[in-house]
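As the structure is a prediction and not an experimental result, all values here were calculated from the model.
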Amino acid sequence: YYFDDRGAGVCHFHYFRNPRTREQINVWLEARTPRDAGEFLKLAWRDRNLIFPSLRGGEGLPVLLYVPGLFGTHLQEAGETIWLDWKHLLPGSLDRLRMDRNVQTGDAVAGGHEDFLTALNASFNVTPFKYDWRKPLADNAKALAELLTALLDSTSLPVHMLTMSSGSMVLQGVIAGSPDVWKRIR
């Protein structure tokens with residue numbers, strides 16, 4: 001579900017300053033069923049949001065490690081996707097994302113970057129870094145450093161980085177916490 005609000009007072013950085021947006025978010029949070037969700041509309045889901053699994057062979061191509069931003073990795077519990085699955089975003093269902101739950105990472109969410117990443121697949125072996133964005137930045141930076149080390153040890157080809165949004169903060173954690181790994185990339 002989504003709420004389409006446009007105009008001069010609408011801005012990605014000021015959701016809660018806009019009274020109409022603030023009101024609709026509150027209505028959605030208090031909704032017991034999708035019909036009670038105010039002006040929210042059902043999103044036409046496309047199964048095209050995952051581009052990585054077996055899109056094409058990447059042997060012989062340099063690696064491009066894609067680090068998505070916050071919320072950019074699907075999360076699963078008992079094999080069921082709980083993020084990003086729209087029906088699990090309804091009120092009362094976010095409880096499954098608590099840190100004390102047995103949640104594993106799924107695939108990266110390509111989202112709005114799908115066309116861009118697909119085009120990069122022609123020249124690179126695009127490899128997503130799938131991480132649990134609920135965990136501390138330092139934990140994810142350590143996991144990224146371990147993946148980078150494994151990639152660098154397994155190929156003589158260049159390893160490039162592409163970060164989106166807060167994925168850059170995870171990479172900054174590698175630079176600060178594992179400078180030896182970072183030197184190998186540069």
Side-chain angles (χ1 to χ4, degrees), residues 2 43 45-90 93-155 157-182 184-186:
Y2 70 97
L43 186 66
W45 182 252
R46 297 180 305 161
D47 288 329
R48 298 173 39 206
N49 76 324
L50 298 178
I51 66 163
F52 306 105
S54 306
L55 183 67
R56 53 136 198 86
E59 300 79 22
L61 294 174
V63 173
L64 178 73
L65 187 58
Y66 168 64
V67 184
L70 188 63
F71 311 131
T73 302
H74 287 284
L75 298 178
Q76 299 175 335
E77 184 179 45
E80 179 185 8
T81 298
I82 57 175
W83 181 275
L84 180 65
D85 184 359
W86 301 112
K87 69 179 178 268
H88 289 112
L89 297 180
L90 292 173
S93 58
L94 293 178
D95 191 48
R96 294 180 72 185
L97 292 172
R98 288 191 339 253
M99 290 303 294
D100 63 342
R101 304 289 293 242
N102 185 21
V103 173
Q104 300 85 36
T105 58
D107 286 311
V109 178
H113 309 296
E114 180 181 353
D115 292 340
F116 178 56
L117 293 168
T118 299
L120 288 171
N121 265 327
S123 303
F124 296 94
N125 179 4
V126 178
T127 304
F129 172 59
K130 307 172 225 182
Y131 65 99
D132 186 344
W133 40 264
R134 302 167 312 137
K135 292 184 177 178
L137 180 70
D139 293 356
N140 288 316
K142 181 180 177 191
L144 178 56
E146 291 169 1
L147 176 60
L148 280 168
T149 299
L151 287 171
L152 291 163
D153 289 346
S154 68
T155 184
L157 295 170
V159 175
H160 301 274
M161 301 291 303
L162 173 64
T163 62
M164 296 293 182
S165 184
S166 58
S168 301
M169 293 170 42
V170 179
L171 181 57
Q172 286 292 329
V174 171
I175 294 168
S178 302
D180 52 321
V181 175
W182 181 243
R184 291 181 65 190
I185 293 174
R186 296 179 52 214

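When every heavy atom of Thr105 is checked against every heavy atom of Gln76, the shortest pair comes out as O-OE1, 4.3 Å. Of all heavy-atom pairs between Val103 and Asp132, the closest is O-OD2, 4.4 Å. For the residue pair Pro68 and Phe129, the shortest heavy atom distance occurs at CD-O, 3.3 Å. Residues Gly106 and Thr73 share a closest heavy-atom pair of O-CG2, 3.7 Å. Smallest separation of non-hydrogen atoms from Gly69 and Ser166: C-OG, 3.5 Å. Nearest heavy atom pair, residue Asn140 against residue Trp133, reads ND2-CA, 4.3 Å.
For the atom pair Phe124 CZ and Tyr66 OH, the distance stands at 15.5 Å (nearest 0.5 Å). Note: Thr149 OG1 to Ile185 CD1 = 8.5 Å, rounded to the nearest 0.5 Å. Distance check, rounded to the nearest 0.5 Å: CG of Leu147 to OG1 of Thr127 gives 7.5 Å. To the nearest 0.5 angstrom, Leu151 atom CG is 11.0 Å from Leu64 atom CG. Rounded to the nearest 0.5 angstrom, Tyr131 OH and Leu137 CG are separated by 8.5 Å. The distance from the CE atom of Met161 to the OG1 atom of Thr163 is 7.0 Å, given to the nearest 0.5 Å.
At a threshold of 4.5 Å between non-hydrogen side-chain atoms, the residues Thr81 and Leu75 do not count as touching. A 4.5 Å side-chain heavy-atom check between Val126 and Leu120 finds at least one atom pair inside the cut-off.
Side-chain N or O atoms of Asn102 include none that pairs as donor or acceptor with a backbone N or O of Glu77 at under 3.5 Å.
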